Protein chains: 2
Amino acid sequence: MIETLLARIEARDPLADRERDALVDAFDSPTLVGSGRVFIRQGQRLDRSTLLLSGLVGRFKDLSRGERQISALHIPGDFVDLHSFSLKALDHNVVALAPCMVAAIPHTRLENLTREHPHLTRLLWFLTNVDAAMHREWELSLGRRDAVARIAHLFCELRARLEIVGLVDEGGYTLPLSQAALAECTGLTPVHVNRTLKQLRERDLVEFRQKWVCIKDFQGLQQVAEFDPAYLYLRPECQ
Amino acid sequence: MIETLLARIEARDPLADRERDALVDAFDSPTLVGSGRVFIRQGQRLDRSTLLLSGLVGRFKDLSRGERQISALHIPGDFVDLHSFSLKALDHNVVALAPCMVAAIPHTRLENLTREHPHLTRLLWFLTNVDAAMHREWELSLGRRDAVARIAHLFCELRARLEIVGLVDEGGYTLPLSQAALAECTGLTPVHVNRTLKQLRERDLVEFRQKWVCIKDFQGLQQVAEFDPAYLYLRPECQ
DNA sequence: CGAACCCTTGAAATAAGTCAACCTACGTGG
DNA sequence: CCACGTAGGTTGACTTATTTCAAGGGTTCG
């Protein structure tokens with residue numbers, strides 16, 4: 001499943017064989033993280049970065065009242081904390097929202113990669129920049145979209161991201177999130193998420209039931225969300 | 001004023017003379033950008049990155065109704081779009097919120113730097129990662145803090161950032177933002193920003209008048225905002 | 001079978017938005 | 001030097017989106 005990562009990188013810019021090999025060889029063997037486990041804690045010093053192979057991961061911060069804000073979701077093929085390579089201690093927590101397979105790459109090996117493979121380094125850097133672009137789109141959602149558009153936008157984003165890793169079937173996809181977790185992504189309360197999902201259902205745009213997102217009218221959904229996938233940098237058009 | 005950038009980088013990790021020289025030499029000579037000018041447009045292909053020497057810059061996205069969300073503010077010593085080096089076309093606009101001096105570094109020269117100076121490259125990468133950390137904190141604000149805490153937090157963040165570049169006097173600082181622009185940062189309406197500022201004033205926490213932020217009670221303000229500067233990575237404690 | 005968790009819905013409360021008026025400061029041009 | 005226009009700040013009254021509180025219903029799993 002490291003192939004997913006390679007495919008993503010190479011969609012941007014092809015790798016030389018030696019770059020590809022160096023990257024693949026740098027990973028430790030995969031391990032399992034149980035659902036619900038907060039496997040990286042804010043402030044904790046890290047010496048490796050984690051690639052998600054399967055499952056779903058969330059990064060979150062919280063306030064003293066206990067309210068959580070999920071700042072990013074990660075799907076298979078995503079680095080969950082490539083930025084910990086330069087930050088060392090993270091400003092947020094990382095939780096497995098479903099059972100996850102992950103593979104770690106020690107920072108010492110990443111450092112070797114940066115020394116020997118500047119082109120590969122730029123592509124890893126690119127990945128963290130795409131991450132930041134998603135944060136910006138979420139800021140726009142949280143700051144300016146209403147509840148319906150916010151949730152619609154999230155469903156569109158996930159569809160676009162999951163599609164390129166082959167995890168979209170019949171226009172729908174598995175999303176192992178509770179409504180409470182959806183609320184933590186969108187800055188809403190669980191109750192309001194529930195009512196908003198009802199609206200989206202009644203408007204025949206999407207249904208979300210039993211961890212399955214069934215998109216009824218993708219175009220309509222995009223329109224409501226004002227979704228434009230450019231910020232995901234999935235196409236190599238502008239390298 | 002490139003010294004500010006160097007100081008920031010070296011607060012994290014000292015540079016060798018040749019790294020410092022290579023970086024400094026890569027910049028073109030400074031130019032002026034007029035206040036209010038949107039000097040980088042979403043989607044536009046870029047071939048250089050911009051360092052802010054003086055003034056104030058905002059990065060924003062907007063929705064069709066014309067509502068803007070500012071996703072980041074930049075102060076002197078910040079790269080405004082170092083991420084354009086790998087993204088090439090940006091997902092957001094960049095506006096000068098005050099008259100600004102900027103210095104550009106062409107991407108071709110950045111590419112040379114990455115080839116010859118892996119350690120410097122990691123530090124530039126670090127800068128973009130700090131940028132992303134600020135986005136995450138803003139997501140937390142937009143998603144979970146109420147209006148008072150949101151504005152208080154922004155004032156705390158700017159104080160912390162401006163302090164290390166020597167732009168805080170007597171506990172206060174210049175902030176050339178209108179209330180409308182503040183609203184664009186915080187996801188609020190201008191009217192509500194106005195009322196919220198009044199509250200902060202009445203609670204003797206901060207005053208914001210005539211582009212001057214006068215912090216009356218920094219501790220109280222931090223408390224209201226739940227501000228913890230760790231996410232700014234200003235101290236080298238965890239390298 | 002029961003417990004835990006999650007989803008659903010209603011009614012009431014509240015934070016923030018909207019609309020509109022008025023005020024102030026500032027700069028420009030007559 | 002005043003007159004005017006513009007942009008930004010302030011306030012009030014009213015509306016609305018979202019939250020809160022609370023209760024009830026459905027699933028799943030040990």
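Quick caveat: nothing in here was measured; it's all calculated off a predicted structure. Every chain is numbered from 1, with letters handed out A, B, ... down the list of sequences.
- In this structure, B:N194 atom CG and D:dT10 atom C1' are separated by 5 Å, rounded to whole Å.
- With a heavy-atom cut-off of 4.0 Å to chain A, the contacted part of DNA chain C has its first and last nucleotide at C:dC7 to C:dA11.
- Within residues 138-153 of chain A, no residue approaches DNA chain C, by heavy-atom distance under 4.0 Å.
- With sequence neighbours excluded, no residue forms a salt bridge (charged side-chain N to carboxylate O under 4.0 Å, His left out) with A:E184.
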Identify all side-chain donor-acceptor contacts of residues 200-210 of chain B below 3.5 Å with residues at least two apart in sequence or on another chain.
unit_1, atom_1, unit_2, atom_2, d
B:E207, OE1, B:R209, NH2, 3.1

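- Note that CG of B:L167 is 6.5 Å distant from CD1 of B:I75, once rounded to the nearest 0.5 Å.
- In this structure, A:V95 and A:F60 have side chains that are in contact, with non-hydrogen atoms separated by less than 4.5 Å.
- One can find a donor-acceptor pair under 3.5 Å joining the base of D:dG12 and the side-chain atoms of B:R195.
- Residues forming a side chain to side chain donor-acceptor pair (under 3.5 Å) with B:S29 (at least two apart in sequence, or on another chain): none.
- Under a 3.5 Å cut-off, the side chain of B:Y233 and the backbone N or O of A:A89 do form a donor-acceptor pair.
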For this session: Report, as a single string ordered 5' to 3', how protein heavy atoms within less than 4.0 Å touch nucleotides 22-30 of chain D: B base, S sugar-phosphate only, - not at all.
Result: ---------

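- The side chain of B:K198 places an N or O atom within less than 4.0 Å of a non-bridging phosphate oxygen (OP1 or OP2) of D:dT11.
- Partners of A:E163 under the side chain to side chain donor-acceptor pair (under 3.5 Å) rule, at least two apart in sequence or in another chain, are A:R159.
- If you take CG of A:L188 and C1' of D:dT19, they are 10 Å apart, rounded to a whole angstrom.
- Residues that satisfy the salt bridge (charged side-chain N to carboxylate O under 4.0 Å, His left out) test with B:R144, not counting sequence neighbours, are absent from this structure.
- The distance from atom CZ of B:R65 to atom P of D:dA17 is 11 Å, rounded to the nearest whole Å.
- Partners of B:E139 according to the salt bridge (charged side-chain N to carboxylate O under 4.0 Å, His left out) rule, which considers only residues two or more places apart in sequence or in another chain, do not exist here.
- Remark: C1' of D:dT18 and CD of A:E67 are 13 Å apart, rounded to the nearest angstrom.
- Residue pairs meeting the side chain to side chain donor-acceptor pair (under 3.5 Å) criterion with at least one member in residues 68-81 of chain A, sequence neighbours excluded: A:R8-A:D78, A:R59-A:H74, A:H74-A:D78, A:D78-A:R161, A:D81-A:S84.
- The distance from atom NE2 of B:H192 to atom P of D:dG9 is 16 Å, rounded to the nearest whole Å.
- Across all strands, A:L197 comes closer than 4.0 Å to no nucleic acid atom at all (heavy-atom distances).
- Sequence neighbours left out, the pairs with a member in residues 164-182 of chain B that pass side chain to side chain donor-acceptor pair (under 3.5 Å) are B:Q179-B:N194.
- End-to-end axis angle for the helix from C:dC7-D:dG24 to C:dG30-D:dC1, using five pairs per end and rounding to 10°, comes out at 30°.
- Remark: side-chain polar atoms of B:Q42 are not paired, donor with acceptor, to backbone N or O of B:K61 under 3.5 angstrom.
- Looking at A:H153 and A:E137, their side chains do bring a donor and an acceptor atom within 3.5 Å of each other.
- No contact: B:G36 has no heavy atom under 4.0 Å from any strand.
- Counting to the nearest Å, the P atom of D:dT10 and the CG atom of B:L182 are 12 Å from each other.
- Side chain of A:R37 to main chain of A:A96: no donor-acceptor pair is present (N/O by atom type, distance under 3.5 Å, no hydrogens or angles).
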